[in-house]
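In what follows, a single structure is set out as structure tokens and then discussed.
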There are 2 protein chains.
Amino acid sequence: MSESNAPSRTAHKGGNGRAQRDAYDLPRVLEIAVTAFNEHGYDATSMGNLADRLGTSKSAIYYHVAGKEDLLRLALERAIGELEKVLDEPGAKSGSAAERLRFVLSGAVRVLVDDLPFVTLLLRVRGNSDIERSALERRRRFDHAISRLVDEARDEGSLRADVDAAVTTRLLFGMINSIVEWYKPGGSITREQLTEDVLTVAFDGLTKR
Amino acid sequence: MSESNAPSRTAHKGGNGRAQRDAYDLPRVLEIAVTAFNEHGYDATSMGNLADRLGTSKSAIYYHVAGKEDLLRLALERAIGELEKVLDEPGAKSGSAAERLRFVLSGAVRVLVDDLPFVTLLLRVRGNSDIERSALERRRRFDHAISRLVDEARDEGSLRADVDAAVTTRLLFGMINSIVEWYKPGGSITREQLTEDVLTVAFDGLTKR
DNA sequence: GTCTATATACCGATAGAC
DNA sequence: GTCTATCGGTATATAGAC
């Protein structure tokens, strides 16, 4: 069942006395792990699976990380960290509520695309461990910040008031978060085009005018 | 670690010679299983967990179903079956493409709400087994049918043409499918109100007019 | 129909050689 | 840094008593 995307299995030492190929350092292990977690789910992915994908052994992985859950923690940390950064950017703090909302939504799409596998994993977490619950809590706070922006935009008269505000926010998030389920970076749709399409559909709807 | 939502553990026989309480028949087992799968994920839910929730033993469950995967199969079958039915209803076959699209989207929301736990499970399936892949394939066909409706509605001039059609469909689905992540039946938002809100946001957008 | 006990397999993680 | 071998735990599923 071994995968085939691994370099030579026999890591022989070079003349300098140091083991060649450092392909299995932490960033590479993390990348492979996140990909596997997204493909089969965290629980359905075993350390043995990861070792196969890396062309190494379970023990070799444990040299680089403390354990399976540590891989999850590092991945979730990166995803939620990047999303939180958007709220601290200047564009998220000046202008009308509508302008700030558009900026933050654009930023969310940007992070989603640039860190697609990491954010994908974040959006699938169910809260089965302290690490997952911690990530969910930070995500909840991020969502709440945007929810407040929606409220402000409604209050200033930019957004429609005939639909429940909470529902509005949820649907907005549903639309944006769903991007991780289908968007392929490097395909025919650029990140900028995607961002524009999302904002167009969200604010102006599908109906032709 | 036993749960407490179980009736009396001691199932004594009645005078008619038949074991009392048939609380643990298949529908009940399936309901509990789907709830657990949604809360912790299919892989993270063990047959022991289910037995605890039912207040019975693992073996008792195996009397009613062939195995854990059988529970998944039954649940996915119901969810995708109900969604497919919508496409066969009269309203999905007559009227303009825009009218049919609205009907099918309304129907999807209806099924989503009425069979919430089952559809939730369906939307989280990753394709880890033949059963999951089969469900995903049927879901893909369902999505494709709606995608064709979107194309038709664009062609007849009902929907805007300045956003990629495939992207439009994906965002539409993302919005609707996200309902399973937050909607609570029996809460302040009725199913009919939710349907109306979804269609309003999808077709008319968030901007006040 | 439900129970206890168990077979069999795989999991995450570690020990110790090299 | 990576290996093989293995520990302890838990998983699905079954056997056989009642």
Side-chain angles (χ1 to χ4, degrees), chain A residues 1-2 6-14 16-30 32-33 36-37 40-74 128-132, chain B residues 1-2 6-14 16-30 32-33 36-37 40-74 128-132:
Chain A
M1 278 288 186
S2 260
S8 166
R9 191 62 166 277
T10 54
H12 48 281
K13 299 196 174 187
N16 56 9
R18 193 188 184 289
Q20 283 185 343
R21 86 139 141 79
D22 248 272
Y24 306 148
D25 53 1
L26 200 151
R28 169 144 175 75
V29 171
L30 187 57
I32 297 285
F37 292 164
H40 307 112
Y42 174 74
D43 290 293
T45 305
S46 70
M47 293 299 273
N49 296 151
L50 298 183
D52 284 345
R53 285 186 182 232
L54 284 160
T56 184
S57 64
K58 286 193 291 178
S59 302
I61 299 177
Y62 280 99
Y63 176 82
H64 296 286
V65 294
K68 187 182 170 184
E69 223 178 2
D70 204 39
L71 288 167
L72 181 63
R73 186 183 56 78
L74 290 167
N128 281 344
S129 64
D130 284 342
I131 285 169
E132 293 190 7
Chain B
M1 279 286 185
S2 258
S8 166
R9 190 64 165 275
T10 54
H12 49 281
K13 299 195 177 191
N16 57 8
R18 194 188 183 289
Q20 284 184 341
R21 91 143 137 75
D22 249 88
Y24 305 149
D25 53 1
L26 203 151
R28 170 144 174 76
V29 171
L30 186 57
I32 297 286
F37 293 164
H40 308 112
Y42 174 75
D43 290 293
T45 305
S46 71
M47 293 298 271
N49 296 151
L50 298 184
D52 284 345
R53 284 185 182 233
L54 284 159
T56 183
S57 65
K58 286 190 289 177
S59 302
I61 300 177
Y62 280 99
Y63 177 82
H64 296 286
V65 294
K68 186 181 169 184
E69 223 177 4
D70 204 40
L71 287 167
L72 181 64
R73 185 182 57 76
L74 290 167
N128 281 345
S129 63
D130 284 341
I131 285 169
E132 293 191 7

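- Going from atom CG of A/Asp52 over to atom P of D/dT2 covers 16 Å, rounded to whole Å.
- Taking A/Asp70 as the reference, A/Arg73 meet the side-chain hydrogen bond (donor to acceptor under 3.5 Å, both in side chains) condition, with sequence neighbours excluded.
- The distance between atom CD1 of A/Ile61 and atom P of D/dT4, rounded to the nearest whole Å, is 13 Å.
- Side-chain contact between A/Leu71 and A/Phe37 is present, with heavy atoms from C-beta onward closer than 4.5 Å.
- Not counting sequence neighbours, the partners of A/Ser129 by the side-chain hydrogen bond (donor to acceptor under 3.5 Å, both in side chains) test are A/Glu69.
- Spacing between atom CG of A/Leu26 and atom P of D/dT2 amounts to 12 Å, rounded to whole angstrom units.
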The dot-bracket string of DNA chain C, counting Watson-Crick and G-U wobble pairs with both distances under 3.5 Å, using [ ] for crossing pairs and | for pairs to another strand, is ||||||||||||||||||
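- Atom CZ in B/Arg73 sits roughly 18 Å away from atom P in D/dT12 (whole-Å rounding).
- The shortest side-chain heavy-atom distance between B/Leu54 and B/Val29 falls under the 4.5 Å cut-off.
- Distance, A/Glu69 CD to C/dA13 P: 8 Å, rounded to whole Å.
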Taking only N/O atoms, report every protein-nucleotides 15-18 of chain C pair under 3.5 Å with atom names and distance.
from	atom 1	to	atom 2	distance (Å)
C/dA15	N6	A/Ser59	OG	3.2

Distances for protein N or O near nucleotides 8-12 of chain C N or O, under 3.5 Å:
from	atom 1	to	atom 2	distance (Å)
C/dG12	OP1	A/Thr45	O	3.4
C/dG12	OP1	A/Lys68	NZ	2.9
C/dG12	OP2	A/Met47	N	2.7
C/dG12	N7	A/Lys58	NZ	3.3

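- For the pair B/Leu54 CG and C/dC3 P, the interatomic distance rounds to 10 Å; values are reported in whole Å.
- By the 4.5 Å heavy-atom criterion applied to side chains, A/Asp43 and B/His40 are not counted as neighbours.
- B/Ser57 has a side-chain polar atom (N or O) that falls below the 4.0 Å cut-off from OP1 or OP2 of C/dC3.
- Between B/Lys68 and B/Leu72 there is no side-chain heavy-atom pair separated by less than 4.5 Å.
- For the pair A/Asp25 CG and D/dG1 P, the computed distance is 9 Å after rounding to whole Å.
- In this structure, A/Ser57 and A/Ala51 approach most closely via the heavy-atom pair C-CB, 3.5 Å.
- For B/Ser46, the side chain to side chain contact (heavy atoms under 4.5 Å, CB included) partners are B/Asn49, not counting sequence neighbours.
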